[in-house]
Amino acid sequence: MAMAISEQDTRSLIPSFLYSPSSSSLSHLRGGSFVSETLLNRNRNPLLNLNSTRSSAENVSANANAPKTFVVPAPSEPGKIAMYSPAFYAACTMGGILSCGFTHTGVTPLDLVKCNMQIDPVKYKSISTGFGILLKEQGAKGLFKGWVPTLLGYSAQGACKFGFYEFFKKYYSDIAGPEYTAKYKTLIYLAGSASAEFIADIALCPFEAVKVRVQTQPGFARGLSDGLPKFVRSEGVLGLYKGIGPLWGRQIPYTMMKFASFETIVELIYKNAVPLPKDQCSKPLQLGVSFAAGYIAGVFCAIVSHPADNLVSFLNNAKGATVGDAVKKMGVVGLCTRGLPLRIVMIGTLTGAQWGIYDAFKVFVGLPTTGGVTPPVAELKD
């Protein structure tokens, strides 16, 4: 006569790990064959019974420390970076290094002529005569004087400028909320870029001080390696930050204009000049929009920041000089216009190239280009 075995008796013969929720599901899927086979093997082999008891103890101990819920993590998609993750900000920082460091170094000859025109307008009367004098006195190699502090200084500045801009833009947007962010997005751009540039100029200032001195005082130093120690011996470490006020005065308005006007121009281009939504445009077209918007923004940047640029060049060239000395010697009109045409060409090209390189790097690592048409508020809330 067959003896009926109750469910409770059956469970008492089976180690607990075999009827845990995950194993029950497995047993159900396999029609109970796994449990039946285990019971059969245990009756045939006592050793298996001992091993399974040990396994049961180990599994119970492990399960006690394991989370109560079981979630299978979704596999991460290769080549994709989550927006606003640490990897996202790291990518933006690297993009800033590439965009600012190499572009500023590439226009070192223009910057050299501009600085000398600002310091000695009698000798360097125009762009063409400025290049001619520098070539005659220093040769072709002299046109790249100061390229090392330029590369290092603007790489550091670019890292902070772009990396912190993305951070502060997100931070201020979160504070404002979707509705106010959409309504006052230009204020978000201005606040984010100003905050980022404040930090970026602290990194740039020492290199900028040495660069200007090397470029505008013949015989002062060959470059950063001998110019920095000589500068510190002459004016002390704090002397490297003598121009921080005018630098903030030049760079913060410049960067506010650079980012806010760029974001606005990109949105206008996609609204009025491009027939397709941004996400349907090819990557080359998106990068073309970035360069065009960057160049136009650069023209505005040059005009807004030029008076402070003249101040920075004047203060870093003359030991002990003050802002009052600069205004007295150059005049208000001179501060606003001396070297401006060259700076418009230089900054326009520079800013366009920077946005092009920055967005190209973002595309390379799988991120979208900067800017676009802002979604409706209802869509942002969803």
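- Other members of a hydrophobic cluster containing V345 are absent, since no ILVMFWY side chain comes under 4.5 Å of it, directly or through relayed contacts.
- In terms of the side-chain contact (heavy atoms from CB on, under 4.5 Å) criterion, residue partners of A156 (sequence neighbours excluded) are, by chain and number, A203.
- A200 is linked by a side-chain contact (heavy atoms from CB on, under 4.5 Å) to Q157, C160, K161, E197, counting only residues two or more places apart in sequence or in another chain.
- Contacts classified as side chain to side chain donor-acceptor pair (under 3.5 Å) and involving residues 102-113 (residues at least two apart or in different chains) are given here: T103-Q354, H104-Q354, D111-K211.
- Within a 6.0 Å radius of CZ in F291, other residues, nucleotides and ligands contribute more than 12 heavy atoms.
- Pairs engaging residues 83-92 under the side chain to side chain donor-acceptor pair (under 3.5 Å) rule: none recorded [sequence neighbours left out].
- Pairing each heavy atom of C92 with each of F162, the nearest pair is O-CB, 3.8 Å.
- With sequence neighbours left out, the side chain to side chain donor-acceptor pair (under 3.5 Å) criterion links K145 to Q138.
- Within the structure, the salt bridge (charged side-chain N to carboxylate O under 4.0 Å, His left out) test picks out no pair touching residues 283-303 (sequence neighbours left out).
- Residues H306 and C336 approach most closely at CD2-O, 3.4 Å, considering heavy atoms.
- In the hydrophobic clustering, where aliphatic and aromatic side chains (Ile, Leu, Val, Met, Phe, Trp, Tyr) are joined below 4.5 Å either directly or transitively, V212 stands alone.
- Although no hydrogens or angles enter the test, the distance criterion places a donor-acceptor pair under 3.5 Å between the side chain of Q286 and the main chain of K278.
- W355 and F262 have parallel rings, their planes meeting at less than 30° on a 0 to 90° scale where 60° marks the start of perpendicular.
- Clustering ILVMFWY residues whenever any of their side-chain heavy atoms sit less than 4.5 angstrom apart, transitively, puts Y189 in the very cluster that holds Y358.
- Looking at every heavy atom in both residues, T369 comes nearest to S290 through CB-OG, 4.3 Å.
- Members clustered with L287: V363, by chain and number, using a 4.5 Å side-chain heavy-atom cutoff among hydrophobic residues.
- Not a single donor-acceptor pair under 3.5 Å links the side chain of D226 to the backbone N or O of A221.
- Between the side chain of T181 and the backbone N or O of S173, at least one donor-acceptor pair lies under 3.5 Å.
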Kindly list each side-chain donor-acceptor pair under 3.5 angstrom involving residues 230-239, sequence neighbours excluded, with atom names and distances?
unit_1	atom_1	unit_2	atom_2	d
K230	NZ	F220	O	2.8
E235	OE1	K242	NZ	3.4
E235	OE2	R213	NH1	3.4
E235	OE2	R213	NH2	2.7

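- The side-chain contact (heavy atoms from CB on, under 4.5 Å) test applied to P86 returns no partner, not counting sequence neighbours.
- In terms of the side-chain contact (heavy atoms from CB on, under 4.5 Å) criterion, residue partners of L98 (sequence neighbours excluded) are, by chain and number, M94, F102, I357, F361.
- Under the 3.5 Å distance criterion, the side-chain polar atoms of D120 are left unmatched by any main-chain donor or acceptor of N116.
- At least one donor-acceptor pair under 3.5 Å links the side chain of S193 to the backbone N or O of L190.
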- Task: Go through the steps for V304 and M256 under the test side-chain contact (heavy atoms from CB on, under 4.5 Å), then give the verdict.
- Result: CA-CA 10 Å; V304 166; M256 291 170 72; over 6 Å; no
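- Ring geometry, Y171 versus F168: the interplanar angle exceeds 60°, so the pair is classed perpendicular (tilted spans 30 to 60°).
- Between E179 and K183 no salt bridge is recorded (no basic side-chain N to carboxylate O distance below 4.0 Å).
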